[in-house]
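Take a look at the structure below.
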Amino acid sequence: MKTTGLLAISATLAVSPAMAAERPVALKDAPGRMAVENYCGACHSLDYIRINSPFMNRQTWTAEVSKMINAFGAPIPQTDAAAIIDYLSVNYGDK
Amino acid sequence: MHRRLFLQGVSGALAAPVFFSGRSFGAERAPLTFGLPQGDYDTAELASLPGKRQLIQLTTRPPNFETPVSAFATPVTANDMFFVRYHLAGIPQRIDVQQWKLDVGGEGAATPFQANFADLQRNFAQVEVAAVLQCAGNRRGLSNPHVPGVQWGLGAMGNAVWRGPRLKDVLAKAGLKPGVIEIVVDGADGPVLAGTPDFVKSIPLAKAMDDNTIIALQMNGEPLPYFNGFPARLIVPGWTGTYWMKHLTSIQAVNKPFDGFWMKGAYRIPTGLFPTVQRFATQENEMNTPVTEMVVNSLIVSPAEGTRARRGETVNVAGVAWDGGYGIRSVAVSVDNGATWREANLGTDSGRFAFRPWNYRFTADAAGTRTILAKASNRLGETQTDALIFNPAGYHNNVVRPTTIVVA
């Protein structure tokens, strides 16, 4: 009857934890920030940007944004993508 | 350079200016190693997910939390200290194990079926395997130059005793037909946007039929922690964590190489760059190949970086070593920055897939800084590298890593 006992434990755990509250991530205030918050933040927290800095540059940020659009299907219009790349390169790049 | 980052990152002795701080108010500075991107030090903090003690939070959505090095003082990693890694933020809010179902089928299955949790527990032999689960990108943050991705330090890994049915027994019930080359696995977590490729992986048939490849229903004698794949995850001992599908819902036998993004467009290394016995032939091309088995590696757990020892004190250097499942043969330790080396004592052997604990004692007889190194070798004769084997995604970093202490 050990199996039954294990099932009971598992079933209790099944009422699973609510997601952790997301910590607010402050990005630098500069032109393009809103596009970043809206488009990038739709799928992932913005700490992804902070931890990937400041070693990225315009070329690598461009590749990353292109990957989000082409491989991950992010619906970012071209003008907004340009603003996002500018913002990331200037504020979270090695210049 | 090391020293500066080390001080900022670990001891806080040179605290970064306030305006650099991105940590939540009152949050504790995370115990990170040296050499990571500055953004890690500015952003990471100690935080708890439901069911977990404090881990090093790198990202929140999806959650990516690493285990502090101090938690590896015991060779089995506690469930509530085990690292958490997700690619996509579509994680179910709850999973009811009574409702949970696993589909086993595919074009290569003669008798597809659906199993519930009780079926998997009752209808198949339950086996145990102690095995290291390590993210392929563990130590990515230490790549030089840095490469994009989650900037993991040393703790995107853990060792646990996993228990559940063998994958090959579950596949046998589905009646595998000739022509099957890969087994495709999917889990309950998925993308936020419909246009984002779901996280789906495949493994070669031979690895699926390995006696050690199991569907874990338990971890260290408990149900799986929610964020480690509750209620069932695939265990692929020796291979990097990318194949260890969490929240398992689907197992499909296929006759063609699976061509999803997470096989063809991610988790790949340049072909031939690393020594690899178990390759993934049906997914390999001339340019690149899937990252498969782990490379031999070790971690110095104590003394912690920056420890102060008294002159004349006996210092116990201790840590863990692991590889892709061939077993650790030896761990060499140097307490003089590589000038001389001694064999460490190897601790309990819990199987060739598990962490192998080791230790070495020395007397801190002279004042000054001491740089301690550890270098593991496996039974194939493979050894950790002295210089980074750079690759664009930062995988397989097993560079011999210094721990510096101060003797005074």
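Below, all heavy atoms of this structure are taken into account, side chains as well, without hydrogens, waters or symmetry copies. Numbers restart at 1 for each chain; the letters A, B, ... are given by sequence-line order, proteins then strands.
In this structure, no portion of A:Ala63 lies under 4.5 Å from any heavy atom of chain B. Using a 4.5 Å cut-off between heavy atoms, A:Phe55 touches chain B through its side chain atoms alone. If you measure heavy-atom distances from A:Ser53 to chain B, the contacts under 4.5 Å come from both the backbone and the side chain. Contact of B:Trp262 with chain A is made through the side chain alone, with heavy-atom distances under 4.5 Å. Both the backbone and the side chain of B:Pro148 come within less than 4.5 Å of a heavy atom of chain A.
In this structure, A:Lys28 satisfies the cation-pi test against A:Tyr92, with its NZ or CZ atom closer than 6.0 Å to the six-membered ring centre and inside 45 degrees of the ring normal.
Between chain A and the options B:Leu58, B:Asn64, B:Val192, B:Val150, heavy-atom pairs under 4.5 Å are most frequent for B:Leu58. Comparing B:Gly149, B:Ala47, B:Ala89 by heavy-atom pairs within less than 4.5 Å of chain A, the highest count is held by B:Gly149.
Proximity of a side-chain donor or acceptor of B:Arg61 to a complementary backbone N or O of A:Gly41 within less than 3.5 Å is detected. Looking only at distances, no side-chain donor or acceptor of B:Arg163 sits under 3.5 Å from a matching main-chain atom of B:Leu217.
Side-chain polar atoms of B:Tyr86 and B:Asp189 form no donor-acceptor pair below 3.5 angstrom.
Checked against a 6.0 Å centroid threshold, the rings of B:Tyr395 and B:Tyr267 count as neighbours.
Counting non-hydrogen atoms of other residues, nucleotides and ligands closer than 6.0 Å to CD of A:Glu37 gives a total above 12.
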